Amino acid sequence: MPVHLTQNAVSAITAGDVNSKPLVQVLDIKLIGSTQERYRLLISDSVLTQHAMLATQLNDSVKSGRIRKGTVVQLIDYICSTVQNRKIIVILNMETIIPDCDIIGNPKMIGDLDTGVQRSVPDRNNGSATLTNNNNLGTQNSGRSNFSNNNNLISRNSGSNNVQSFRPTVQPAYQPPPIYKNHGAIVKNEAPARIVPIAALNPYQGRWAVKARVTAKGDLRRYNNARGDGKVFSFDLLDSDGGEIRVTCFNAVVDRFYDIIEVGKVYMISKGSLKPAQKNFNHLKNEWEIFLDTSSTVDLCPDEDASIPQQQFSFRPISDIENVENNSILDVIGIVISVNPSVPIVRKNGMETQRRILNLKDRSGRSVELTLWGDFCNREGQKLREMVEAGHFPVLAVKAGKVNNFTGKSVGTISSTQLFIDPDFSEAHILRDWFDGGGKDVASQSISREIMPGGLKNEIRKTVCQIRDEGLGRSDKPDWITVKATISFIKTDTFCYTACPLMIGERQCNKKVARSGNSRWLCDRCNQEFEECDYRYLLQTQIQDHTGLTWVTAFQESGEEILGCSAKDLYLLKYEEENELRFAEIIKSCLFTQFMFRLKIKEEIYGDEQRVKITVVKAEKVNSSTECSYLLEQISKFSFR
């Protein structure tokens, strides 16, 4: 069956057409670039050929063999750019129509028809190539070369000889370039740049402009390096086609644009340069990043453009986060089921910040800790705490959260993170309907902190007496169990310890600190002194069920889950305010309260003595509905005669 390529496709594309979806043939493929793999193609419409660059996201089509010499493809997304006075087509998306096909027609390089120059085109039938210039023409076939003078052309194709005559070409005499004098400024082409989709941006383009909405704006950061002090900020753009890209400004450019850029507004941006995105700091799905300079323009579009969405999400179920690499950036959505108090944290550089931990759950049967840092704590964090305390568990969408794998998986905010409380879009409505329709009573397994092997489905229920009777914790690996028990006693003389508040990377040091000679606090690990320390729970608690009682230790997070306040607040209440009455009320409110305790049991050596240490990994008040479902399931396993 004959194959018909799209007529005049190459001419139309080089003239600026980007809307048609032409059929063309790939005549040649060449790998270029040393630092980044890129493929250059030679494409044909059966009459003309033109070089094209393949977008890197299409590299696999070449590596897998879906695109090879002779393949007929349909161009879906493409753009033609001028690089050093040469036209080049950038292919952004295409589909394979015929994987393997003989060369169609007798195509020539565009621009050569008028000059009498014929470039080489690979012949898939016999491997021959025809070479022609103005003075002579050579034909190679089976390793042999034949040359003619400028009056004759000898061509060999499939065993036949064709002789053609050409008029002699006269080479014009060399003319030296004119000497230009300074007669004033050179007039530049000031025609407005054509609006280009973000997905089509590439370094091979000349003049371009993008119309897009600012979806995130980073903080203004200052730095110091070998070249001196500087400042930088970035913002993210989203256009009507769903393309996203980051824009970065340095120094004097920061002064021009930092106050102009507002999240949610639409701008026309042009005259920037494109460079490879730094994936260590840029999570957007774009291989390029825009850098603005002093000649760049940023113009606010006064009219709202409804075709550009306010934000674009790519939500991951919480259960997927368990397998996500550390430091990955992702979007997540869930129901806020608990919000801890905000606590001050001193970073290693001496700067103080705030930290607040809350918990999200979704329909995947998992929950995750979300750590809020800095302004998020007192802004969205305080609002969320008030909502939860009032009995409303809001939907929270997190844009660009960072995954941390310290004792389990958790998500934390960074400068480009955005939080949306009870947002108005379909994913949030589905989650709200699920939660209100019974999801709030569905048990979820936390993937944060230390995760019990096996997850929720393989949860091991034990009684207190089974811990001793079965010798739990005495093997090489710790035992992980769940116990439903009641708190019967809490030691109040040493319920917390003084801890180092400095940050080591994204983790707090937490080592015990002591007063130095000048009344400041000293951390031996960090080898630093500071004015104020942190207070962390070291709660010794006695729990009991119908089979017996035992002692357990609850550290910071689980201590907050039991007592409902931070260790620092409780310490200040007892020792600074000396409000013994209020302190006693908080302790009593926890006594004889039933919890589901997730316990880690491991034998450890203290001096010369081996002891079994029981640590509370998580403490949740018993959910009556969930517990009834569990008991009914256990009863159904018994057969009554």
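Quick caveat: nothing in here was measured; it's all calculated off a predicted structure. We're numbering straight along the sequence, starting at 1. Computed over heavy atoms, backbone and side chain alike; hydrogens, waters and symmetry mates excluded.
Between Glu578 and Lys574 there is no salt bridge, since no side-chain N of the basic residue sits under 4.0 Å from a carboxylate O of the acidic one. No salt bridge links Asp436 with Lys440; every basic N to acidic carboxylate O contact stays at or beyond 4.0 Å. A salt bridge links Arg598 with Glu620: the distance from a Lys NZ or Arg NE/NH1/NH2 to an Asp or Glu carboxylate oxygen falls below 4.0 Å. Residues Glu585 and Arg582 are paired through a salt bridge, judged by an N-O separation under 4.0 Å between the basic side chain and the carboxylate.
Using a 4.5 Å cut-off on side-chain heavy atoms (C-beta onward), Ile447 and Ile318 make contact. By the 4.5 Å heavy-atom criterion applied to side chains, Leu370 and Val411 are counted as neighbours. Side-chain contact check for Leu220 versus Tyr258: some heavy-atom pair is nearer than 4.5 Å. Side-chain contact between Trp521 and Arg515 is present, with at least one heavy-atom pair separated by less than 4.5 Å. Counting heavy atoms from C-beta on, the side chains of Arg432 and Asp422 come closer than 4.5 Å. By the 4.5 Å heavy-atom criterion applied to side chains, Met387 and Pro394 are counted as neighbours.
Evaluation of the salt bridge (charged side-chain N to carboxylate O under 4.0 Å, His left out) test over residues 536-554, restricted to residues two or more places apart or in two chains, returns none.
Between the side chain of Lys613 and the backbone N or O of Ile601 there is no donor-acceptor pair closer than 3.5 Å. Side chain of Asn404 to backbone of Ser410: no donor-acceptor contact under 3.5 angstrom is found. Of the possible donor and acceptor atoms, none in the side chain of Glu627 sits under 3.5 Å from a partner among the backbone N and O of Ser624. Put simply, the side chain of Arg213 gets close to the backbone of Ile308: a donor and an acceptor are under 3.5 Å apart. No donor-acceptor distance shorter than 3.5 angstrom exists from the side chain of Lys621 to the backbone of Ile562, with no hydrogens or angles considered. The backbone N or O of Gly412 lies less than 3.5 Å from no partner atom in the side chain of Thr371, so there is not a single donor-acceptor pair. With Ser415 contributing its side chain and Gly218 its backbone, the two residues share no donor-acceptor pair below 3.5 Å.
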task: Given salt bridge (charged side-chain N to carboxylate O under 4.0 Å, His left out), test Lys285 with Glu244 step by step and report yes or no.
output: CA-CA 7 Å; Lys285 296 178 180 179; Glu244 292 183 288; over 6 Å; no
- request: Give the C-alpha distance, both sets of side-chain angles, the deciding distance and a yes or no for side-chain hydrogen bond (donor to acceptor under 3.5 Å, both in side chains) between Thr486 and Gln544.
  value: CA-CA 5 Å; Thr486 301; Gln544 66 178 47; over 6 Å; no
- request: Go through the steps for Arg366 and Glu322 under the test salt bridge (charged side-chain N to carboxylate O under 4.0 Å, His left out), then give the verdict.
  value: CA-CA 10 Å; Arg366 295 288 188 267; Glu322 290 183 90; 3.1 Å; yes
query: Given the rule in the side-chain hydrogen bond (donor to acceptor under 3.5 Å, both in side chains) test, do Glu560 and Asn340 qualify, once you have shown the distances and angles that lead to the verdict?
result: CA-CA 7 Å; Glu560 291 176 351; Asn340 289 358; 3.0 Å; yes
query: Step by step, would you call Arg611 with Glu603 a salt bridge (charged side-chain N to carboxylate O under 4.0 Å, His left out)?
result: CA-CA 5 Å; Arg611 300 179 188 175; Glu603 189 175 60; over 6 Å; no
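Summarising the geometry, atom CD belonging to Gln540 is positioned 12.0 Å from atom OG1 belonging to Thr492; distances are rounded to the nearest 0.5 Å. Going from atom CG of Leu570 over to atom OH of Tyr535 covers 12.0 Å, rounded to the nearest 0.5 Å. If you take CG on Asn623 and CE on Met596, they are separated by 10.0 Å, rounding to the nearest 0.5 Å. The CG atom of Asp320 lies 7.5 Å from the OG atom of Ser364; values are rounded to the nearest 0.5 Å. Atoms SG and NZ, on Cys523 and Lys512 in that order, are 13.0 Å from each other to the nearest 0.5 Å. Atom CD1 of Ile421 and atom CG of Leu419 lie 7.0 Å apart (nearest 0.5 Å).
No more than 12 heavy atoms of other residues, nucleotides or ligands sit less than 6.0 Å from atom CG of Asp424. Lys602 NZ: more than 12 foreign heavy atoms inside a 6.0 Å radius. Annotation: Asn527, atom CG; neighbour count of heavy atoms from other residues, nucleotides and ligands within 6.0 Å does not exceed 12.
Aromatic pair Phe495/Phe583: centroids less than 6.0 angstrom apart. Residues Tyr537 and Phe555 place their aromatic rings such that the two centres sit no closer than 6.0 Å. In this structure, Phe313 has its ring center closer than 6.0 angstrom to the ring center of Phe420.
For Leu522, the side chain to side chain contact (heavy atoms under 4.5 Å, CB included) test picks out Ser516, Asp524, Glu529, with sequence neighbours left out.
Judged by distance alone, the side chains of Thr553 and Thr615 never bring a donor and an acceptor atom under 3.5 Å apart. Under 3.5 Å, the side chains of Glu289 and Gln278 contain no donor-acceptor pair of N or O atoms. Using a 3.5 Å distance cut-off with no hydrogens or angles, the side chains of Asn359 and Ser338 do pair a donor with an acceptor. Side-chain N/O atoms of Glu561 and Ser558 include no donor and acceptor closer than 3.5 Å. For the residue pair Gln610 / Glu604, no side-chain donor-acceptor distance below 3.5 Å is found, with atom types taken as modelled.
Smallest separation of non-hydrogen atoms from Trp480 and Val617: CZ3-CG2, 4.0 Å. Closest approach of Thr413 to Trp373, counting heavy atoms only: OG1-N, 3.1 Å.
Under the 6.0 Å distance and 45° angle rule, Arg379 counts as a cation-pi partner of Phe376. Remark: Lys491 is positioned above the aromatic ring of Trp551, its terminal NZ or CZ atom under 6.0 angstrom from the ring centre and at most 45 degrees off the axis. For the pair Lys618 and Phe595, the cation-pi test (distance below 6.0 Å, angle within 45°) is failed. With a 6.0 Å cutoff to the six-membered ring centre and a 45° limit on the axis angle, Arg461 counts as a cation-pi contact of Tyr630.
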